[in-house]
Number of protein chains: 2
Amino acid sequence: MSTSANKFNKILFTILKRNGLKYTKQREQILNTFLSLKGHTSVDTLYEILRKTNPSIGYATVHRSLKLFNKIGIVEMVKVGNQKALYEHKDKNRHHDHLVCVKCGNFTEITSDELENLQKRIASRNNFQIIDHKLIVYGICRKCKNKR
Amino acid sequence: MSTSANKFNKILFTILKRNGLKYTKQREQILNTFLSLKGHTSVDTLYEILRKTNPSIGYATVHRSLKLFNKIGIVEMVKVGNQKALYEHKDKNRHHDHLVCVKCGNFTEITSDELENLQKRIASRNNFQIIDHKLIVYGICRKCKNKR
DNA sequence: AGTGAAATTGATAATTATTATCAATAATAC
DNA sequence: GTATTATTGATAATAATTATCAATTTCACT
Ligand SMILES: [Mn+2]
Ligand SMILES: [Mn+2]
Ligand SMILES: [Zn+2]
Ligand SMILES: [Zn+2]
């Protein structure tokens, strides 16, 4: 097991304990495998990958765990319309949002301090205590624009 | 039938025709009843209201029509997580976004030219042609903050 | 290390929102 | 008015997510 995996496992252990949850080998596996991937991963995809090394893992467990990881703040979730949830790594200290192409479904990631600050201003103006936000910009990506 | 309803009906007729769609009395009823309401309306709510005056109207028709109205650009749709879609009036020339309270579910509407412009800049920087966008800020509203 | 309370797992059923099907009906172009 | 084509309403199907529950595992405490 790699050093970085060990690091993540310790973090996982700590956060689970803090939330009164148990550290299980499934949760460890799910998180480590998830973190070994990049981009936007669905439960199905992760499940298929996991069962190669652990054929007895349950779909529900993968689903529950990703949802849980999101809830306790260690992974990010993005949902577009009624499509199935996608999970992605949580970038420490830099939130990102998405440009989603309605033609090809591609995600472009964007970060903007201006956007973050603007939201803070709008929220405080409304006496609203921000927990999180999700911005999705729908449109046509560079590639698809050039395809005509 | 009121003058304003007649006006909307003409607009509806024009837009439907432009899209090669038919003007039906169900669509007329659904749009007019929808427009008589304010706030964020679910299919279920609208359906229950509609069947009081037209007991034979179908749920699927209401669902399809709202979806269609959104598609052809005459009503707005907002979806929070896996909850059922909510529909709302389309404010002419001013898009709005939402602050959603995670405690009480309340929606606060926000408009911001700054936000609109910022998105345009981000999009053009990425060579992305914006069609639409949805921003949802999750947090705790004024009311719920004071409740403790 | 052993014990017991409590949480988790895996298989699967249930739920929920949404979409598809299709025969009957209605709208529109001619 | 007729033919063509879209829409409707009832209902089935789909798809994503969540609930159920007996068996298993974790973990705090000896
Ligand atoms: Mn992303
Ligand atoms: Mn609104
Ligand atoms: Zn594209
Ligand atoms: Zn609230």
**Student:** So, does B/R27 get its side chain near the phosphate of D/dT8, meaning an N or O under 4.0 Å from OP1 or OP2?
**Tutor:** yes
**Student:** Decide, yes or no, whether a salt bridge links A/K38 with A/E88 under the criterion of side-chain N to carboxylate O below 4.0 Å.
**Tutor:** no
**Student:** Are a donor atom and an acceptor atom from the side chains of A/E28 and A/Y23 found within less than 3.5 Å of each other?
**Tutor:** yes
**Student:** Give one of base, sugar-phosphate or nothing for B/K22, where a contact means two heavy atoms less than 4.0 Å apart.
**Tutor:**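 It contacts base atoms.
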**Student:** Could you tell me how far apart B/Q26 (CD) and C/dA26 (C1') are, to the nearest whole angstrom?
**Tutor:**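 Result: 8 Å.
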**Student:** From OH of A/Y23 over to C1' of D/dC27, roughly how many Å is that when rounded to an integer?
**Tutor:** 14 Å
**Student:** Do B/Q29 and B/N54 have side-chain N/O donor and acceptor atoms under 3.5 Å apart?
**Tutor:**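 The criterion, which ignores hydrogens and geometry beyond distance, is satisfied for B/N54 and B/Q29.
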**Student:** Base, sugar-phosphate, or nothing for B/T24, non-hydrogen atoms under 4.0 angstrom?
**Tutor:** sugar-phosphate
**Student:** Could you check which of C/dT8, C/dG10, C/dT28 has an atom nearest any side-chain atom of A/L21?
**Tutor:**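 Comparing C/dT8, C/dG10, C/dT28 against the side chain of A/L21, the answer is C/dT8.
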**Student:** Would you indicate which nucleotide in D/dT17, C/dA29, C/dT28 comes nearest to any side-chain atom of B/F13?
**Tutor:**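 Among the listed nucleotides, the one closest to the side chain of B/F13 is C/dT28.
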**Student:** When the distance from CG of A/N82 to P of D/dT14 is rounded to whole Å, what number comes out?
**Tutor:** 17 Å
**Student:** Measure the distance from CZ on A/R64 to C1' on C/dT8 and round it to the nearest whole Å.
**Tutor:** 7 Å
**Student:** Rounding to an integer number of Å, can you tell me how far A/Y59 OH sits from C/dT9 P?
**Tutor:**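 Checked: the OH to P distance equals 16 Å.
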**Student:** According to a strict under-4.0 Å criterion, is A/K79 in side-chain N/O contact with OP1 or OP2 of D/dA16?
**Tutor:** no
**Student:** Do A/N127 and B/K145 make a side-chain contact, defined as non-hydrogen atoms from C-beta onward lying under 4.5 Å apart?
**Tutor:**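 They are in contact (side-chain heavy atoms under 4.5 Å apart), so the answer is yes.
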**Student:** From CG of A/N70 over to C1' of D/dA16, roughly how many Å is that when rounded to an integer?
**Tutor:** 16 Å
**Student:** Please figure out whether B/V43 or A/S65 has its closest DNA chain C nucleotide nearer the 5' end.
**Tutor:** A/S65
**Student:** D/dT7 P sits how many Å from B/Q29 CD, rounded?
**Tutor:**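 About 17 Å, once rounded to whole Å.
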**Student:** Please figure out whether A/K25 or B/I30 has its closest DNA chain D nucleotide nearer the 5' end.
**Tutor:**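 Its nucleotide being nearer the 5' end, the pick is B/I30.
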**Student:** Report the residue (A/G20 or B/K84) whose heavy-atom-nearest nucleotide on DNA chain C is the more 5′ of the two.
**Tutor:**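 Comparing both residues, the 5'-ward one is A/G20.
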**Student:** A/F107 vs A/H40 aromatic rings, parallel, tilted or perpendicular, using cut-offs 30° and 60°?
**Tutor:**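 Correct class here is tilted.
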**Student:** Let me know the distance between CG of A/L16 and C1' of D/dA28, rounded to the nearest Å.
**Tutor:**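 To the nearest whole Å, that distance equals 16 Å.
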